[in-house]
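Index from 1, following the sequence.
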Amino acid sequence: MLFEAFEQTEIGKKFQQGTGLGLAISRKYVQLMGGDITVTTTPDVGSTFAFDVQIALTCPREIPINQIKSQIRALAPSEKVYRILVVDDSKESRILLVKILTSLGFEVNEATNGSEAIANWESWQPHLIFMDMRMPVMDGYEATRIIKAREIGHGTANTSRRFPKLKQLVSSGSQYLAEELTDSVEGEVLKVVCKESSATETTGVIENDTSGASTWRSRLPKALAPLYDFSRTMPDRPNTNTIIIALTASAFEEERQKILSIGCDDFIRKPFKQEVLLEKLSKHLGLKYTNQVETTNTVVVDQAAQIFVSVAELLGHLSQMSPEWLQQIHYAAASCSDELILELLKQIPSDNAQVFQVLRDLANNYQFEKIMELTTTNLE
């Protein structure tokens, strides 16, 4: 049962994380490579998963690595400062997003659940929210519904404040309006109300006198029109809606439809690439970036990295560094701090430049897990 799709342990169900597909997919991969995966469990201690497959070492120069086509440095100078809210219960996910966004010039706030997201939205009014869908306390689905509903409420309140006599008109039902309307914009809206009415008796008209004032010359139709979308009569009204982009690990089309149906403007599947993140920001905020350096796909991390014919050789060079230094690099990678990693790399001796270049490229491409894996092996 443990390796069946969508099956979870009691602990997994308790924390409401994952979809129950990890072990099923892992077992399928192992079987495709001619092996199988097994599990042994000791109550109150833990479980050990193991598998055996036949593999052969390869040369790093034969491993293709896709680099981004353009290196984005910052927002264009003409762009204003945008406020971005990152909502995710995973600290590591928030650190990565915040690191990418702040390095480009965005103002960033964080929230760990839906309730905090709503509070931040109310007080800070971000231009865009990256919303994780599965979180404790309140998930991203509920938070998005509440935010979008309140935006609609705010829009209705703003319309009422701008057209106070329309509110009086709608609430009065079939009462007639005897006073003059001196606001030309309100008069224009009233024309629309009459035009949209399905009633056959429509005798009310609005005329402008020589002074420019609008006057109600006749009586309103006995049957008032249904509520009209006044936003269509206000093309100059600024768009105050916050863009919400969902973050989800689900690859199912049904999940995508559900996310969009609750009000999300777009979604990004985890794990995501940096260029996908930046493309979404550009699409929804209409912003532009600067200092784009065009690059091409290459088959190696760096030309100097070709010196290492195996991972074992790279590990051998890393073992020449002190355990304290390796521990610092490992901690910096676990913290997703590329700046700290690059600072520590300056301590590598010049005769070990190949290690410097490999780790530098891994840090610049946010390959923190790979750096952790390499340093963990040496620490052990």
- Message: Closer than 3.5 angstrom, by distance alone: can the side chain of N120 be matched with the main-chain N or O of E116 as a donor-acceptor pair?
- Response: yes
Pairs of donor and acceptor atoms involving the side chains of residues 24-36, under 3.5 Å and at least two apart or interchain, shall be tabulated with distances.
from : atom 1 : to  : atom 2 : distance (Å)
S26  : OG     : G22 : O      : 2.8
R27  : NE     : D36 : OD1    : 3.3

- Task: Applying side chain to side chain donor-acceptor pair (under 3.5 Å), name anything that partners R256, two or more places apart in sequence or on another chain.
- Result: E253
- Query: What distance do L342 atom CG and N364 atom CG have between them, rounded to the nearest 0.5 Å?
  - Reply: 5.5 Å
- Query: How would you list, by chain and number, every residue that makes a side chain to side chain donor-acceptor pair (under 3.5 Å) with S93, sequence neighbours excluded?
  - Reply: S90
- Message: Among residues at least two apart in sequence or on other chains, which ones pass side chain to side chain donor-acceptor pair (under 3.5 Å) with S47?
- Response: T41
- Across all chains, not counting sequence neighbours, the salt bridge (charged side-chain N to carboxylate O under 4.0 Å, His left out) partners of E343 are K346
- Residue set satisfying side chain to side chain donor-acceptor pair (under 3.5 Å) with E254, at least two apart, ordered chain then number -> none
- Query: Are L260 and F272 linked, directly or through other ILVMFWY residues, by side chains that come within less than 4.5 angstrom of each other?
  - Reply: no
- Message: As an exercise, state the distance from CD of Q125 to CG of L85, rounded to the nearest 0.5 Å.
- Response: 11.0 Å
- Item | Main-chain N/O of S335 paired to E92 side chain as donor or acceptor, under 3.5 Å | no
- Short side-chain to backbone donor-acceptor contact, T376 and M372, under 3.5 Å: yes
- Message: Count I, L, V, M, F, W, Y as connected when their side-chain heavy atoms are under 4.5 Å apart, and connections chain through other members. Are L23 and V53 then in the same cluster?
- Response: yes
- Note on the structure: Sorted by chain and residue number, the side-chain contact (heavy atoms from CB on, under 4.5 Å) partners of D265 (sequence neighbours excluded) come out as K148, I243, I244, H284
- So, the side chain of Q367 versus the backbone of A363: is there a donor-acceptor pair under 3.5 Å, distance only? no
- Just how far is it from atom CZ of F130 to atom CD1 of I245, taken to the nearest 0.5 Å? 4.5 Å
- Message: My understanding is that only residues two or more places apart in sequence, or in another chain, count here; which of them pass side-chain contact (heavy atoms from CB on, under 4.5 Å) with T48?
- Response: T40
- Note on the structure: Taken in chain and number order and not counting sequence neighbours, the residues that satisfy side-chain contact (heavy atoms from CB on, under 4.5 Å) with L340 are A332, S337, L344
- For atom OH of Y366, is the number of surrounding heavy atoms from other residues, nucleotides or ligands below 6.0 Å larger than 12? yes
- Query: Are the side chain of R269 and the backbone of S250 linked by a donor-acceptor contact shorter than 3.5 Å?
  - Reply: yes
- Query: Looking only at atom types and distance, does a side-chain atom of N352 sit under 3.5 Å from a main-chain N or O of I348, one as donor and one as acceptor?
  - Reply: no
- Task: Quick one: pull up CD1 in I259 and CE in M131 and give me the separation to the nearest 0.5 Å.
- Result: 11.5 Å
- Message: Ignoring hydrogens, what is the shortest heavy-atom contact between E79 and G286? Give both atom names and the distance.
- Response: OE2-O, 4.1 Å
- Within the distance-only criterion (no hydrogens, no angle test), does the side chain of R83 pair as donor or acceptor with the backbone N or O of L128 below 3.5 angstrom? no
- Message: Membership question, hydrophobic clusters at under 4.5 Å side-chain separation (ILVMFWY): are F51 and I55 in the same one?
- Response: yes
- Task: For the pair S319 (side chain) and G316 (backbone), establish whether a donor and an acceptor sit closer than 3.5 Å, ignoring hydrogens and angles.
- Result: yes
- For P349 and M321 the tightest heavy-atom approach is CD-SD, 3.9 Å
- For R145, salt bridge (charged side-chain N to carboxylate O under 4.0 Å, His left out) partners two or more places apart: E142
- Can you sort out the partners of K80 under side-chain contact (heavy atoms from CB on, under 4.5 Å), two or more places apart, ordered by chain and number? Y82, H127
- Closest heavy-atom pair and its distance - A117, V87: CB-CG2, 3.7 Å
Run the side-chain donor-acceptor check on residues 94-102: report pairs under 3.5 Å with partners two or more places apart or on a different chain.
from : atom 1 : to   : atom 2 : distance (Å)
R94  : NE     : E110 : OE1    : 3.0
R94  : NH1    : D88  : O      : 2.8
K99  : NZ     : E339 : OE2    : 3.3
T102 : OG1    : V98  : O      : 2.6
T102 : OG1    : K99  : O      : 3.4

- Do other residues, nucleotides or ligands put more than 12 heavy atoms under 6.0 Å from D266 CG? yes
- Task: Go through the steps for D89 and R134 under the test salt bridge (charged side-chain N to carboxylate O under 4.0 Å, His left out), then give the verdict.
- Result: CA-CA 8 Å; D89 62 315; R134 296 183 180 275; over 6 Å; no
